[in-house]
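The block underneath contains the structure these notes are about, expressed in structure tokens.
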Amino acid sequence: MIARHSGGALLAALMLSACAGGMIPPSADGPAPVRPIPSGEAATRPVPATPRPTLPVELPADPALDKGTAAGLGVTRGPDIASLIPSGERARLALQAFRISCPTLMKRTDASGLTKGSDWNNACAAASSWPEASASEFFSRYFEAVQVGDGAAFVTGYYEPEIAGSRTRQPGYEVPIYRRPTDLIDVDLGQFSDSLKGRTIRGKVNGTKFVPYDDRSQIVSGVLAGRGLELAYAADPVEFFFLQVQGSGRLNLPDGGVMRIGYDGQNGRDYTGIGKLMKDRGLIQAGSMQDIMQYLRAHPAEGAAIMNENKSFVFFRELTGAGPIGALGVPVTAEATVAADPKFIPLGAPVLLSLDRAEPAGVWIAQDTGGAIKGANRFDSFWGAGARARGIAGGMSARGSALVLLPIGSAARLVRP
């Protein structure tokens, strides 16, 4: 999927670790105008809400199941959802997102252990022609709710950055955006030892040795220059740093056009959240994305050194065609897609969120994953592009309860009689 974060969401990524993927929704309005993005933009003021309480936890139907999955962690049958799903735009967008997920959803092996491909047949068949004006009725008719584990949700947000960029180097556009180098190699350690199954490392060959790939400071200093890897050039190193955290974005070109770029690998170095570093050193107080950017701009030399403490560096490819693709293999939908951990949430499943912040409450579809999005009831909400999306995602941090919506009948085999 895309390479992701949190601020809430983005901030979580800056504080902790990044996600991965490559999604950018296509613009319905054509090329976006070139515009500077104010570094002092404030995060959107939260709209408070009262979350629905979580349910008492039930033990898994089979205690021998892997506790690292939803089925092994245990699910609790949820309440009737007919009165819990708000009508309106979010439900309509969620129906659209669910509809495009169905072809993959019905074929996919569900790592969470909650569903089988055939469980989704009836709901997917109905979704293909269901009127969007009554989307909330669709979800209440074809789904039942379960709570995974304790149901305590933590939701952050991500967005599609728009930054000034150019396809060619020219005055004002000096920051290289690199393609993935051909000498960057992924190694599956499980091929060498059964004890290392599921683990991979990334690096390069140096003579007869496999060594770590160049880190951010080396790449920024020009170690990759002159190899024809420059995909484009950014105008602002701080904006580009944040685009790397997000993992995809749009370059507003000097001629008024837009170039969409998406995640195409990372140098294999560990991600370091600079927000935590800066807070620990007393450089910033609140720690929002906007606070971090303001400090980096006000102290350019020190800011460059701080950014280099995150040794991770993301490579990009140009995105063309129908639009940004999430981990499920389908385009993501602004204000309807969430990233989730597929060990606990079936990719493609609807999720009903009730939180202490009103904006992300309602039905979302799990269409993506992320490196920082781990565990049951951890979600990263996608808000699209533009100033509104940036403002909401940059400060999103909401807690409350989550219910996973499963096709009617599938919960019976998951809960104790």
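These figures come from a predicted structure and were not determined experimentally.
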[atom2] on [Y] to [atom1] on [X], rounded to 0.5 Å:
X: Gln218; Y: Tyr213; atom1: CD; atom2: OH; answer: 10.0 Å
X: Thr168; Y: Gln170; atom1: OG1; atom2: CD; answer: 4.5 Å
X: Leu231; Y: Tyr178; atom1: CG; atom2: OH; answer: 11.5 Å
X: Ser248; Y: Ile261; atom1: OG; atom2: CD1; answer: 8.0 Å
X: Phe241; Y: Arg216; atom1: CZ; atom2: CZ; answer: 5.0 Å
X: Leu347; Y: Ile365; atom1: CG; atom2: CD1; answer: 11.5 Å

Counting only heavy atoms not in [X], do more than 12 fall under 6.0 Å of its [atom1]?
X: Arg227; atom1: CZ; value: yes
X: Lys116; atom1: NZ; value: no
X: Asp280; atom1: CG; value: yes

| salt bridge (Lys or Arg N to Asp or Glu O under 4.0 Å) partner of Lys311, the single match among Asp270, Asp214, Asp215 | Asp215
| task | Could you tell me how the ring of Phe240 sits relative to the ring of Phe316: parallel (under 30°), tilted (30 to 60°) or perpendicular (over 60°)? | result | tilted
Between [X] and [Y], does any side-chain N to carboxylate O distance fall below 4.0 Å?
X: Asp186; Y: Arg202; result: yes
X: Glu144; Y: Arg77; result: yes
X: Arg388; Y: Glu335; result: yes
X: Glu239; Y: Arg297; result: yes

Show the atom names and distances, to 0.1 Å, of all donor-acceptor pairs under 3.5 Å that link a side chain in residues 121-130 to residues at least two apart or in another chain.
from, atom 1, to, atom 2, distance (Å)
Ser128, OG, Ala125, O, 2.7
Trp130, NE1, Ser134, O, 3.0
Trp130, NE1, Ser134, OG, 3.2

Quick check: do [X] and [Y] have side-chain heavy atoms less than 4.5 Å from each other?
X: Leu84; Y: Arg52; result: yes
X: Ile284; Y: Ile292; result: yes
X: Tyr142; Y: Phe98; result: no
X: Pro103; Y: Val330; result: no
X: Gln96; Y: Leu93; result: yes
X: Asn310; Y: Ile274; result: yes
X: Arg413; Y: Asp119; result: yes
X: Leu352; Y: Phe143; result: no

| task | Evaluate side-chain contact (heavy atoms from CB on, under 4.5 Å) for Trp364 paired with Arg90, printing each intermediate quantity in order. | result | CA-CA 8 Å; Trp364 298 74; Arg90 170 130 321 124; 3.5 Å; yes
| request: Begin with the C-alpha distance, continue with both residues' side-chain angles, and end with the deciding distance and a verdict on side-chain hydrogen bond (donor to acceptor under 3.5 Å, both in side chains) for Thr156 and Arg378. | output: CA-CA 8 Å; Thr156 53; Arg378 173 69 173 94; 3.0 Å; yes
| said: With side-chain hydrogen bond (donor to acceptor under 3.5 Å, both in side chains) as the criterion, how do Asp110 and Thr115 come out once you've worked through the C-alpha distance, each side chain's angles and the decisive distance to 0.1 Å? | reply: CA-CA 6 Å; Asp110 180 4; Thr115 66; 2.7 Å; yes
| task | Evaluate the criterion side-chain contact (heavy atoms from CB on, under 4.5 Å) for residue pair Arg269 and Phe313; output intermediate values, then yes/no. | result | CA-CA 8 Å; Arg269 299 296 189 124; Phe313 192 93; over 6 Å; no
| query | Which of these, Thr104, Val338, Thr333, sits in a side chain to side chain contact (heavy atoms under 4.5 Å, CB included) with Gln367? | reply | Thr333
| said: Here's a test for you: under side chain to side chain contact (heavy atoms under 4.5 Å, CB included), which of Leu406, Val57, Val404, Leu114 qualifies with Val75? | reply: Leu114
| Arg167 and Met259: CA distance, side-chain angles, deciding distance, side-chain contact (heavy atoms from CB on, under 4.5 Å) verdict | CA-CA 8 Å; Arg167 290 182 180 274; Met259 179 181 179; 3.7 Å; yes
